[in-house]
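A, B, ... follow the sequence lines: proteins, then strands. Residue 1 opens every chain.
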2 protein chains.
Amino acid sequence: MTTMQDVATRAGVSAKTVSRVFNDDPHVTEDTRERVQSAMRELKYVPNMLARTFREGKSAVIGIAVPDVADPFFAAVTKEIELAAREQDMAIVVTSLGDDPSLEQSIIETTVRHQIGGLIIAPISADQSYLARWQDSFPIVFIDRTPSKFNADYFVEDDFGGACEATQHLISHGHTRIAIVGDSTEVPTTRLRLEGYLAALDSAGLKVDKDLVMLGSHDADCAAAACKTLLALPEPPTAIFSSNARFSIGVFPALQTLNRTDIALISYGDFTMADVLRPSVTVIDQDPRHVGRVAAERILARISAPAKRFRRKNILPVNLIERQSCQSSPVLTAPEPGLMTIG
Amino acid sequence: MTTMQDVATRAGVSAKTVSRVFNDDPHVTEDTRERVQSAMRELKYVPNMLARTFREGKSAVIGIAVPDVADPFFAAVTKEIELAAREQDMAIVVTSLGDDPSLEQSIIETTVRHQIGGLIIAPISADQSYLARWQDSFPIVFIDRTPSKFNADYFVEDDFGGACEATQHLISHGHTRIAIVGDSTEVPTTRLRLEGYLAALDSAGLKVDKDLVMLGSHDADCAAAACKTLLALPEPPTAIFSSNARFSIGVFPALQTLNRTDIALISYGDFTMADVLRPSVTVIDQDPRHVGRVAAERILARISAPAKRFRRKNILPVNLIERQSCQSSPVLTAPEPGLMTIG
DNA sequence: AGCAACCATGTCATCGATGACATGAATTTT
DNA sequence: AAAATTCATGTCATCGATGACATGGTTGCT
């Protein structure tokens with residue numbers, strides 16, 4: 001590992017002069033500059049970022065913490081953040097939080113040790129008050145889920161609006177028994193999507209059947225099981241609103257297995273192949289790349305202008321992509337509740 | 001940001017003693033230890049990794065460079081590496097190389113500036129000789145693709161064997177006109193898969209029709225176009241071997257659009273929903289999590305025991321997951337070549 | 001008692017880059 | 001010509017943690 005001192009010795013100058021050449025300081029003669037530059041080339045000098053950023057006090061690295069890097073949504077977000085960060089010569093440190101909320105804090109603290117210059121987080125727990133400690137050290141931006149017990153910039157999708165739109169879409173196709181499959185209401189995102197679902201039912205004058213509200217899943221398999229439970233009800237739903245792409249990946253195969261593709265399905269969150277399945281799945285698209293882009297831009301802006309004021313709360317629009325999975329008419333395919341319970 | 005010195009002052013000792021307490025040095029009295037620990041708690045001391053690793057000379061960070069973090073295969077690999085690294089208190093810096101081979105070197109050099117402790121790379125270019133410079137600085141492990149013009153540990157899938165098996169699978173289902181869709185043969189992986197395909201054809205006594213070898217795609221859309229070209233041939237194939245999951249994601253919809261689900265399809269690389277599509281897609285599974293795990297373990301082993309010797313070349317087995325997409329019989333569904341050209 | 005061994009703790013230097021300030025030479029101003 | 005200004009370059013200190021070594025005190029052994 002060649003250092004500035006090595007280059008300096010080779011070029012017959014002091015380390016400081018090498019530093020000046022490297023940073024394009026105008027106070028260097030053309031002659032010296034050239035000698036230093038050729039010495040750098042000969043020795044293949046590469047600056048030690050660690051030394052530089054250590055001196056500056058903060059790193060040229062942005063921390064990203066999401067529930068799961070392998071989830072297509074977060075993978076796309078991560079990629080976009082990386083591209084945006086690279087434009088500013090910053091690298092990204094990525095961490096998966098997993099699905100145990102109690103581990104969130106310790107995972108974040110491990111990440112923070114690396115003296116990150118900013119943090120983008122999609123939290124999984126219901127309490128981020130532990131972040132207060134870092135509040136002044138580096139900017140923090142939340143994505144996908146709002147912070148709890150903590151104040152910070154956030155960029156979230158319109159969960160309420162999207163869920164409402166999805167439910168209305170099903171209603172407009174004649175469905176009245178609409179189930180929702182989701183994770184725990186501890187997650188603000190899920191709570192909002194549930195509220196959107198309830199609001200849509202309410203404004204259409206439909207009563208809520210709590211048997212059709214299946215919360216508490218935490219992966220695709222759970223969601224598949226929930227789906228089977230729903231269809232085994234005495235009065236099964238004719239449509240399912242999956243509040244999460246991860247769950248849709250479980251629900252869809254479950255419907256296939258049960259041979260119940262007559263059941264309408266709408267997914268909050270697009271997923272690979274959703275448009276190629278039979279039937280292709282109607283979704284609420286969240287545009288992960290846009291989320292990544294705006295989050296990265298905000299972090300970078302906060303880093304370069306710590307004093308500047310920005311809008312804290314940012315709701316990103318979502319849009320419904322209509323495909324085939326809601327086209328079936330419930331009147332034709334669903335068994336009549338009355339007959340069902342008697343027979 | 002509280003430093004060791006702050007804690008030291010508060011506890012009435014020297015910074016060195018704080019360092020000792022922090023690192024569980026036994027040469028500290030119980031009394032002092034307690035005073036220091038409570039001072040650390042009061043001031044919420046968090047060690048500055050940057051300072052520590054700067055002194056050590058290398059970072060507690062592993063660099064990962066893959067063609068695309070958002071690709072499901074690499075996303076899964078990345079996640080597994082992260083989990084393995086975290087067990088050793090290491091973080092990961094992730095970079096997407098994109099699809100322009102000429103940018104590979106500069107992207108890697110940017111990553112290296114961060115003084116990484118090790119590098120895991122799935123290269124996209126045909127020349128990694130530029131890595132020689134870092135050879136002694138930190139361990140380098142290749143995944144998915146073998147290094148070119150450079151020596152390093154690598155863990156690659158059995159491209160030749162897998163492609164051979166895939167092709168044989170198609171042959172055993174009666175296919176004789178089998179197309180291959182892939183990217184450039186610049187990529188060693190692709191070259192090996194092509195060779196496997198050719199070897200299987202050869203050992204079955206089948207001639208190669210170069211119209212059926214469609215290389216040079218670089219994304220799903222290209223692959224879809226290649227697929228359409230193939231089916232428009234005077235003597236179209238009855239089966240397609242997609243040498244890459246990324247391309248399968250383009251080929252499958254193309255077949256659907258053309259209403260040619262009678263064409264058999266086998267994909268090198270499993271992908272989300274492949275098992276739920278109609279027909280579900282037979283694949284060669286590469287087990288990305290296993291790749292990530294072994295690569296991470298090797299890097300960590302190399303970091304902690306630089307002198308130890310390991311096996312350089314590692315070929316990981318792949319296995320064929322049979323689904324529906326190869327079940328159609330070519331004799332029944334494919335137009336007879338002879339009739340076709342005449343008619 | 002006398003000396004070695006051990007122990008708790010402190011001091012200093014170090015890692016690489018760079019800001020603050022110094023130095024000495026050349027050039028310009030009065 | 002003397003003073004002031006500009007300029008190229010150098011020296012030193014610094015960021016936080018820690019290894020090498022020092023110091024002064026206590027214990028143990030003969």
Just call it for B:T29: base, sugar-phosphate, or nothing, with non-hydrogen atoms closer than 4.0 Å on any strand.
-> sugar-phosphate
May I ask you to test the B:T53-A:H114 pair for a side-chain heavy-atom distance under 4.5 Å?
-> no
Name every residue in residues 41-52 of chain B that has at least one heavy atom under 4.0 Å from any atom of DNA chain D, in order of residue number, or write none if there are no such residues.
-> B:Y45, B:P47, B:N48, B:A51, B:R52
Choosing from C:dG10, C:dT9, D:dG10, which nucleotide comes nearest the side chain of B:V28?
-> C:dT9
Nearest-nucleotide check on DNA chain C, B:F54 vs B:D31; residue mapping nearer the 5' end is B:D31
Using a cut-off of strictly less than 4.0 Å, decide whether B:S19 has a side-chain nitrogen or oxygen near OP1 or OP2 of D:dG16.
-> no
Axis-to-axis angle for the helix from C:dA1-D:dT30 to C:dT30-D:dA1, ends of five pairs each, to 10°, equals 50°
Among C:dT9, C:dC15, D:dG10, find the nucleotide with the atom closest to the side chain of B:R55.
-> C:dC15
In whole Å, what is the span from the CG atom of A:N23 to the C1' atom of D:dT9?
-> 16 Å
Pair A:R113 + A:E109, salt bridge at N-O below 4.0 Å = no
Please check if the side chain of A:T189 supplies one atom and the backbone of A:D144 the other of a donor-acceptor pair under 3.5 Å.
-> yes
When rounded to whole Å, the CD to C1' distance for the pair B:Q5 and C:dC12 reads 13 Å
Should the ring pair A:F150 and A:F142 be called parallel, tilted or perpendicular, given that the plane angle runs from 0 to 90° and is split at 30 and 60?
-> tilted
Candidates D:dT18, C:dC15, D:dG10 - which lies nearest the side chain of B:M4 = D:dT18
For atom NE2 of B:H114 and atom P of C:dG16, their distance in whole Å | 18 Å
Apply side chain to side chain donor-acceptor pair (under 3.5 Å) to the pair A:D31 and A:T29, showing each step before the final yes or no.
-> CA-CA 5 Å; A:D31 175 54; A:T29 52; 5.2 Å; no
Could you tell me the separation between the CG atom of A:D25 and the P atom of D:dG10, rounded to a whole number of Å?
-> 13 Å
Side-chain N,O (B:T3) to OP1/OP2 (D:dC15) below 4.0 Å | no
Give a yes/no answer on whether the side chain of A:H27 brings an N or O atom under 4.0 Å of OP1 or OP2 in D:dC7.
-> no
Is the backbone N or O of B:A11 less than 3.5 Å from a side-chain atom of B:R35, with the two atoms forming a donor-acceptor pair by type?
-> yes
Could you walk me through whether B:R246 and B:D183 pass the side chain to side chain contact (heavy atoms under 4.5 Å, CB included) check?
-> CA-CA 10 Å; B:R246 200 163 69 255; B:D183 40 18; 4.0 Å; yes
Quick one: what's the B/S/- string for nucleotides 20-28 of chain C, heavy-atom cutoff under 4.0 Å, read 5' to 3'?
-> B--------
With a 4.5 Å limit on heavy-atom distance, are the side chains of A:S38 and A:E34 in contact?
-> no
Side-chain contact, heavy-atom cut-off 4.5 Å: B:I140 with B:Q128?
-> no
How is B:V18 classified with respect to the nucleic acid when contacts are heavy atoms under 4.0 Å: base, sugar-phosphate, or nothing?
-> nothing
Is the distance from OP1 or OP2 of C:dT9 to the nearest side-chain N or O of B:T32 less than 4.0 Å?
-> yes
Specify the separation, in whole Å, of atom CG of B:D6 and atom C1' of D:dC15.
-> 13 Å
Carefully, step by step, assess B:D127 and B:S125 under the rule side chain to side chain donor-acceptor pair (under 3.5 Å).
-> CA-CA 6 Å; B:D127 182 355; B:S125 82; over 6 Å; no
B:E56 has an atom CD; how far is it from atom C1' of C:dG16, in whole Å?
-> 15 Å
Is there side-chain contact between A:I92 and A:T78, with heavy atoms separated by less than 4.5 Å?
-> yes
Heavy-atom distance under 4.5 Å between the side chains of A:E80 and A:P288, does that happen here?
-> no
